[in-house]
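Notes follow once the structure below has been shown.
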Amino acid sequence: MWKGVFPAVTTKFTTDDTLDHKEMERCFALQMEAGSDGLIVCGSLGEGSMLSHEERLAVLKTAQSVAGSKPVLLTIAEAATRDAAELARKAAKAGAAGLMVVPSPIYHTNPEETVATLSAVAQAGDLPVMIYSNRVAYRVDVTVEIMEKLAADKHFVAVKESSDDIRRTTEILSHFGDRFDVFTGVDNLALEALAMGAVGWVAGLVVAFPRETVAIYRLAKAGRWDEARAIYRWFRPLLDLDVSTYLVQNIKLVEALELGSTEHVRMPRMPLSGENRKRVEQVVRDALAARPALPDLSKLAA
């Protein structure tokens, strides 16, 4: 159902901590112009857990206005299943193309609870669902065995595989075939996952470097691996910034340096400072100094 590059976009704030829709429109449009295939709003990178339901729906609306016919998914990551189901219903009413659902970001559900929670949210929203499996950040691993229990429910169409184990992509595809669209959700494992058969990339650094991200994806899918590897190797130090406790601050700083965007985050987060800031700034400077020329992608399938 879904494939390609789906940026997990950042949420933009003004200096007084309100939503900056104008800046989101500008930044989201850069993703579309570069050839991204959809958008995912209000995830971990989008500071979704710091937003009210009303704010999340407002970000969804802004993304929809930019994405046009391309799908926009709303992330559901609530502590209580009741609240997750309510947000899913609101997202459906707002016209979301689908949901990306985290089983539980605070209480670490067991397999039975994980299946029950994901199923309850899917039924409430009655929308296509991308399962967000991230045992590193959320301590809940949606294993092949758990996915087997969900496979009969047609709401579940995809999985964002973020277990940090590249073998998992092969395990899912070997077990289920094409039952689930497998997306890689770890930026610095993306090309490896695409090589193993993932059909999509829920990307983070794409928000600052959309053309390079789309190029890697399309070259990989066209079998032009040498070209894809060359860009990916250049990109790797930047991609590593996505795998960090400070991924939001890291990536917003990269956006500021590359796109002239803002670094405003919602507290308790604060913008990078000191050695952390210097390190990220150096990574960006080094990358820009060696930025590769990109091939013509106009004849490659999206």
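Values in this document were obtained by computation on a predicted structure and should not be read as measured data.
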- Item | Contacts of type ring pair (Phe, Tyr, Trp, His ring centres under 6.0 Å), residue Phe183, not counting sequence neighbours | Phe6

- Task: May I ask you to test the Leu259-Leu30 pair for a side-chain heavy-atom distance under 4.5 Å?
- Result: yes

- Check the pair Ile131, Val101 against side chain to side chain contact (heavy atoms under 4.5 Å, CB included), reporting the backbone distance first and the verdict last. CA-CA 5 Å; Ile131 303 163; Val101 183; over 6 Å; no

- Contacts of Ala94 meeting side-chain contact (heavy atoms from CB on, under 4.5 Å) (sequence neighbours excluded), chain-then-number -> Leu57, Leu60

- Determine whether Asn250 and Asp242 make a side-chain contact, defined as any pair of heavy atoms from C-beta on separated by less than 4.5 Å. no

- Taking atom CE of Met147 and atom CD of Glu171, what is their separation to the nearest 0.5 Å? 11.0 Å

- Is any NZ, NE, NH1 or NH2 atom of the basic residue among Glu25 and Lys22 found under 4.0 Å from an Asp or Glu carboxylate oxygen of the other? no

- Query: Can you tell me if Gln282 and Arg285 form a side-chain donor-acceptor pair at under 3.5 Å?
  - Reply: yes

- Ser261 side chain to Ala256 backbone, donor-acceptor under 3.5 Å: no

- Query: Going by the side-chain hydrogen bond (donor to acceptor under 3.5 Å, both in side chains) test, which pairs reach into residues 180-208, not counting sequence neighbours?
  - Reply: Asp187-Trp201, Asn188-Asp240, Glu192-Tyr232

- Query: Between Val41 and Ala63, what is the shortest heavy-atom contact and its length?
  - Reply: CG1-CB, 3.6 Å

- Task: To the nearest 0.5 angstrom, please state how far the CG atom of Leu74 sits from the CG atom of Leu39.
- Result: 12.0 Å

- Who are the ring pair (Phe, Tyr, Trp, His ring centres under 6.0 Å) partners of Tyr246, not counting sequence neighbours? none

- Task: Identify whether the distance between the nearest side-chain nitrogen and carboxylate oxygen of Asp226 and Arg229 falls below 4.0 Å.
- Result: yes

- Message: Once rounded to the nearest 0.5 Å, what's the spacing between atom CG of Leu150 and atom CZ of Arg179?
- Response: 9.0 Å

- Please tell me if the side chains of Met50 and Met267 come closer than 4.5 Å, counting only heavy atoms from C-beta onward. no

- Message: I'd like to know whether NZ of Lys3 has more than 12 heavy-atom contacts from other residues, nucleotides or ligands below 6.0 angstrom.
- Response: no

- Item | Check: Ser119 and Thr117 side chains under 4.5 Å, non-hydrogen atoms | no

- Starting at CG of Leu73, measure out to CE of Met100 and round the result to the nearest 0.5 Å. 7.5 Å

- State, with a plain yes or no, whether a side-chain heavy atom of Leu51 is found less than 4.5 Å away from one of Thr11. yes

- Quick one: list whatever passes ring pair (Phe, Tyr, Trp, His ring centres under 6.0 Å) with Tyr107, sequence neighbours left out. none

- Hey, is Arg26 close enough to Asp20 for a salt bridge, meaning N to O under 4.0 Å? no

- Note on the structure: Between Thr10 and Val207, the two heavy atoms sitting closest are N-CG1, 4.3 Å

- Task: Sort and list the pairs that fulfil side-chain hydrogen bond (donor to acceptor under 3.5 Å, both in side chains) and have at least one residue in residues 57-67, not counting sequence neighbours.
- Result: His21-Thr62

- Task: Answer with yes or no whether the side chains of Thr14 and Thr18 bring together a donor and an acceptor at under 3.5 Å.
- Result: yes

- Any donor-acceptor pair under 3.5 Å from Gln123 side chain to Ala120 backbone: no

- Message: Checking Glu148 against His175: is there a side-chain donor and acceptor pair closer than 3.5 Å?
- Response: yes

- Could you note down all residue pairs passing side-chain hydrogen bond (donor to acceptor under 3.5 Å, both in side chains) where residues 97-106 supplies at least one of them, sequence neighbours left out? none

- Message: Can you tell whether the side chains of Lys12 and Glu255 come within less than 4.0 Å, N to carboxylate O?
- Response: yes

- Of all residues at least two apart in sequence or in a different chain, which pass the side-chain contact (heavy atoms from CB on, under 4.5 Å) check with Asp178? none

- Query: In terms of heavy-atom contacts, does NZ of Lys149 have more than 12 from other residues, nucleotides or ligands at under 6.0 Å?
  - Reply: no

- Message: Here's a test for you: under side chain to side chain contact (heavy atoms under 4.5 Å, CB included), which of Val142, Val182, Thr143 qualifies with Ile172?
- Response: Val182

- Query: Hey, are the side chains of Val206 and Val5 touching, using non-hydrogen atoms and a 4.5 Å cut-off?
  - Reply: yes

- Would you mind reporting whether Ser36 and Met32 have side-chain heavy atoms less than 4.5 Å apart? yes

- Message: Going by side-chain contact (heavy atoms from CB on, under 4.5 Å), name the residues that satisfy it together with Pro271, two or more places apart in sequence or in a different chain.
- Response: Glu263, Val265

- Quick one: do Asp165 and Ser163 satisfy side chain to side chain donor-acceptor pair (under 3.5 Å)? Show the steps, please. CA-CA 5 Å; Asp165 182 350; Ser163 70; 5.4 Å; no

- Message: Is a donor from one side chain sitting under 3.5 angstrom from an acceptor on the other, for Asp126 and His155?
- Response: yes

- Note on the structure: ring pair (Phe, Tyr, Trp, His ring centres under 6.0 Å) filter on Trp225, not counting sequence neighbours, yields none

- Message: Testing the basics here: between Ala198 and Thr169, what is the closest heavy-atom pair and its distance to 0.1 Å?
- Response: N-CG2, 4.1 Å

- Can you tell me if Glu23 and Thr262 form a side-chain donor-acceptor pair at under 3.5 Å? no

- At their closest point, which heavy atom of Gly38 faces which heavy atom of Pro7, and how far apart are they? O-CD, 2.9 Å

- Applied to residues 203-215, the side-chain hydrogen bond (donor to acceptor under 3.5 Å, both in side chains) test, sequence neighbours excluded, yields Glu212-Arg291

- Message: Check Arg56 with Glu47, please: is the shortest side-chain N to carboxylate O separation under 4.0 Å?
- Response: no

- Item | Atom pair CG (Leu127) and NZ (Lys93), whose distance is rounded to the nearest 0.5 Å | 14.0 Å

- Message: With heavy-atom distances below 4.5 Å as the criterion, would you say the side chains of Met1 and Pro71 are in contact?
- Response: no

- Short question: side chain of Tyr132, backbone of Ser162 - any donor-acceptor pair under 3.5 Å? no

- When every non-hydrogen atom of Thr75 is compared with those of Cys42, the smallest separation belongs to CB-O, 3.3 Å

- Message: Does Asn276 form a side chain to side chain donor-acceptor pair (under 3.5 Å) with Gln249? I'd like the steps, not just the answer.
- Response: CA-CA 10 Å; Asn276 282 341; Gln249 296 98 314; over 6 Å; no

- At what distance, to the nearest 0.5 angstrom, does CG of Leu191 lie from CD1 of Ile231? 10.0 Å

- Note on the structure: Those residues at least two apart in sequence (or on a different chain) that pass salt bridge (charged side-chain N to carboxylate O under 4.0 Å, His left out) with Arg82 are none

- Query: Is there a path from Leu194 to Trp234 through hydrophobic residues (I, L, V, M, F, W, Y) whose side chains come within less than 4.5 Å of each other?
  - Reply: yes

- Message: So that I can tick it off, tell me whether Arg277 and Glu281 are bridged by a salt bridge, with the cut-off set at under 4.0 angstrom between side-chain N and carboxylate O.
- Response: yes

